[in-house]
Undergrad: 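I'd like to ask some things about the structure below.
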Amino acid sequence: MKILEVKNLNLGFQCENAFRQALFDVSFSIEKGQMLSLVGESGCGKTMSAMSILRLIPKTARITSGEIYFNGENLLEKPLKDMRNIRGGKIALIPQDPMTSLNPLYTVGDQLLEIIKIHQGLQGKQAEEKAIEAFDAVQIPAAKSRLKNYPHEFSGGMKQRAIIAMALACNAELLIADEPTTALDVTIQAQIMNLLSEIKNNGTSILLITHDLALVRENSDEVAVMYAGRIVEHAKNEEFFTNPNHPYSQALLKSIPSNRGEVLETIQGQPPTLSQKIDGCKFNPRCKYCMEICTKQVPLLKTISENHQSACFLNS
C-alpha cells in the first residue's frame, strides 16, 4: 500500500528578473513501512522536494504543477488549517539544521511537551512520561532533568537528538528525515539509524535525505538519485549498489572512500545553478559519456529492468 505518491512535481522560484524552475517532473512513492532515500549533491532539489510534501516552501517558491498524495488525498488541495494538523501528527520532520530549529526562549522540554499535547492529546504526567520516553529512545542521558534545559545548554549533537525525539514522539505515519545524522558522532549515528530502522519495522514510512551512501546501503529499501531538480535514477537498494546505471550514480559511488586500496575518483565541475542554462541533459558538462544528443534533448526516466529506472541516452 502506497502511503505517499509524488507525481510530476514542478516547482520554481521567483527571482528578481525571472521565474527559475528548480524541480522538473519529480515523481516517487513510498510504501507503508518502507524507507526511500533521496541522494545527490547539495542543491539538487532533495530538501525542496521534501518540503513540498509539507507545503513548507519559501515565499518566493511556487509549485506550478503536480500532485502529492498522502493516504490517497492530494495535499496540494488541502486548506492550510488541515495541513497544520497533518504536520507533526501524521507527517513528522527531522529538519536539516538543529541549531536553528529550537526556540531559544523555551526549554527543550516545553517544546517537546507542546508537540505531544497537540498531536497526542496527552496532558500532565502522561505527557511528561511520553517526553522522557522519547528522550530515552534517542539516548539523551538523565532525560527527566534534561527536559528543563534550554537549547543553548545542549551540544549540537544533543540538539539533533532532541529534534529527532520530537519527531518520534508523535508516532507519525510518515517521517521525513533530512540529514538526520549530520551533527552526530559515529556511535550516536549508528544508534539513531538503528532507531529509525526499528520504527520502520513497526510500520512507519521514512523519506531519508542524505549524502551518506553508506547509510543508504545499510538502511534503505529504495534509492532515488537527484541531479539539477530531476530524478535521474530510481531502483531497489541492492540493484542500485550492484548495478548503478546513470553516469552520475556511478560517479557518486566511485567517489566514496574505501579500504580496498582503490583510487578515489572525483566528479569534475559543479552542479548547475538555477540561472545557469544548459541544453539537454544537465549532467552533460560533467559526463565522460556525453554524446551529441545529450546536449540537445532531456532524457526521460525509463524502465531499464524490473524495479529499476534511469534517465540516460546510453540506454536507448
Undergrad: Would Arg62 and Phe19 count as a cation-pi pair here, with the cationic atom under 6.0 angstrom from the ring centre and within 45° of the axis?
TA: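 Geometry flag: set, cation within 6.0 Å and 45°.
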Undergrad: We want to know whether Gln111 and Asn103 form a side-chain donor-acceptor pair, criterion being a heavy-atom distance below 3.5 angstrom.
TA: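 On atom types as modelled, these side chains do not qualify, holding no pair under 3.5 Å.
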Undergrad: Test of understanding: clusters of I, L, V, M, F, W, Y form through side-chain heavy atoms closer than 4.5 Å, transitively. Do Ile304 and Leu301 belong to the same one?
TA: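 Not linked; separate clusters.
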Undergrad: Rounded to the nearest 0.5 Å, how far does OH of Tyr227 lie from OG of Ser249?
TA: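 Between atom OG of Ser249 and atom OH of Tyr227 there are 12.0 Å.
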Undergrad: Could you check whether any side-chain heavy atom of Met48 comes within less than 4.5 Å of a side-chain heavy atom of Phe13, counting everything from C-beta outward?
TA: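 Yes. Closest side-chain heavy atoms under 4.5 Å.
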Undergrad: Treating Ile, Leu, Val, Met, Phe, Trp and Tyr as nodes and any side-chain heavy-atom pair under 4.5 angstrom as an edge, say whether Leu11 and Leu38 lie in one connected cluster.
TA: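 Yes, Leu11 connects to Leu38 through the hydrophobic network.
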Undergrad: Would you call Leu175 and Ile199 a side-chain contact if the rule is heavy atoms closer than 4.5 Å?
TA: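 When only atoms from C-beta onward are counted, Ile199 and Leu175 do touch, with a gap below 4.5 Å.
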Undergrad: For a quick check under 3.5 Å, do Ser220 and Asn237 share a side-chain donor-acceptor pair by atom type?
TA: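 The answer is no; no qualifying pair exists.
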Undergrad: Using a 4.5 Å cut-off on heavy atoms from C-beta on, say whether the side chain of Ile86 contacts that of Leu75.
TA: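 SC-SC contact between Leu75 and Ile86 confirmed.
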Undergrad: Restricting to non-hydrogen atoms, name the atom on Met35 and the atom on Leu208 that form the minimum distance, rounded to 0.1 Å.
TA: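 Closest approach of Met35 to Leu208: SD-CD2, 4.0 Å.
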Undergrad: May I ask whether Ile176 and Met193 are part of the same hydrophobic cluster, defined by side-chain heavy atoms of I, L, V, M, F, W, Y residues being less than 4.5 angstrom apart, directly or through others?
TA: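 The answer is no; the residues belong to distinct hydrophobic clusters.
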Undergrad: Determine whether Gln139 and Arg161 make a side-chain contact, defined as any pair of heavy atoms from C-beta on separated by less than 4.5 Å.
TA: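 Yes, side chains in contact.
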Undergrad: Counting heavy atoms not belonging to Glu114, are there more than 12 under 6.0 Å from its CD?
TA: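 Atom CD in Glu114 is not packed in, count stays at 12 or less.
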Undergrad: Under 3.5 Å, is there a donor-acceptor pair between the side chain of Arg146 and the main chain of Phe135?
TA: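 No, Arg146 side chain to Phe135 backbone: no donor-acceptor pair under 3.5 Å.
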Undergrad: Mind listing the closest non-hydrogen atom pair of Pro299 and Cys312 along with its distance?
TA: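 Pro299 and Cys312 have their closest heavy atoms at CB-N, 3.8 Å.
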Undergrad: Indicate if Phe28 and Val232 have the same hydrophobic cluster label, given that clusters are the connected sets of ILVMFWY residues with side-chain heavy-atom separations under 4.5 angstrom.
TA: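 Not linked; separate clusters.
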Undergrad: Salt bridge or not between Glu41 and Arg286? Use side-chain N to carboxylate O under 4.0 Å.
TA: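 A salt bridge links Glu41 with Arg286.
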Undergrad: Please give me the minimum heavy-atom distance between Ala143 and Asp136, naming the atom from each residue.
TA: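 Closest heavy-atom pair between Ala143 and Asp136: CB-OD1, 3.4 Å.
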Undergrad: Any luck finding a side-chain donor-acceptor pair between Glu222 and Gln34 under 3.5 Å?
TA: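 Present: a donor and an acceptor within the cut-off.
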Undergrad: Atom OG1 in Thr204, atom CD1 in Ile206: separation rounded to 0.5 Å?
TA: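 Going from OG1 on Thr204 over to CD1 on Ile206, the span is 7.0 Å.
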Undergrad: With a 4.5 Å limit on heavy-atom distance, are the side chains of Tyr69 and Leu4 in contact?
TA: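 No; the side chains remain at least 4.5 Å from each other.
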Undergrad: Could you tell me whether the side chain of Leu9 reaches within less than 4.5 Å of the side chain of Ile68, counting heavy atoms only?
TA: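 Sidechains of Leu9 and Ile68: in contact.
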Undergrad: In the structure I gave you, are the side-chain heavy atoms of Ile163 and Pro95 within less than 4.5 Å of one another anywhere?
TA: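 The answer is yes; the side chains approach within 4.5 Å.
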Undergrad: Taking Glu179 for its side chain and His211 for its backbone only, find out whether a donor-acceptor pair lies under 3.5 Å.
TA: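 Here the side-chain-to-backbone pair exists.
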Undergrad: Report yes or no: do Ile209 and Ile57 belong to one cluster of Ile/Leu/Val/Met/Phe/Trp/Tyr joined by side chain heavy-atom distances under 4.5 Å?
TA: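 As far as the 4.5 Å side-chain criterion goes, Ile57 and Ile209 are connected within one cluster.
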Undergrad: Has the side chain of Gln160 got a donor or acceptor atom that lies under 3.5 Å from a matching backbone atom of Pro180?
TA: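 Confirmed, Gln160 side chain pairs with Pro180 backbone.
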Undergrad: Tell me the closest heavy-atom pair linking Ser29 and Lys2, and the distance in Å.
TA: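 The answer is OG-CE, 3.7 Å.
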Undergrad: Do Ser65 and Asn8 touch side chain to side chain, with heavy atoms closer than 4.5 Å?
TA: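 No, every pair of side-chain atoms sits at 4.5 Å or beyond.
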Undergrad: So with a 6.0 Å cut-off around CD of Glu238, is the heavy-atom count from everything else above 12?
TA: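 Not more than 12 within 6.0 Å, no.
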Undergrad: Please work out which of the three classes, parallel, tilted or perpendicular, describes the rings of Tyr248 and His246, given edges at 30° and 60°.
TA: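 Aromatic pair His246/Tyr248 classed perpendicular.
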Undergrad: Have Ser197 and Asn194 got a donor and an acceptor in their side chains that come within less than 3.5 Å?
TA: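 The answer is no; no qualifying pair exists.
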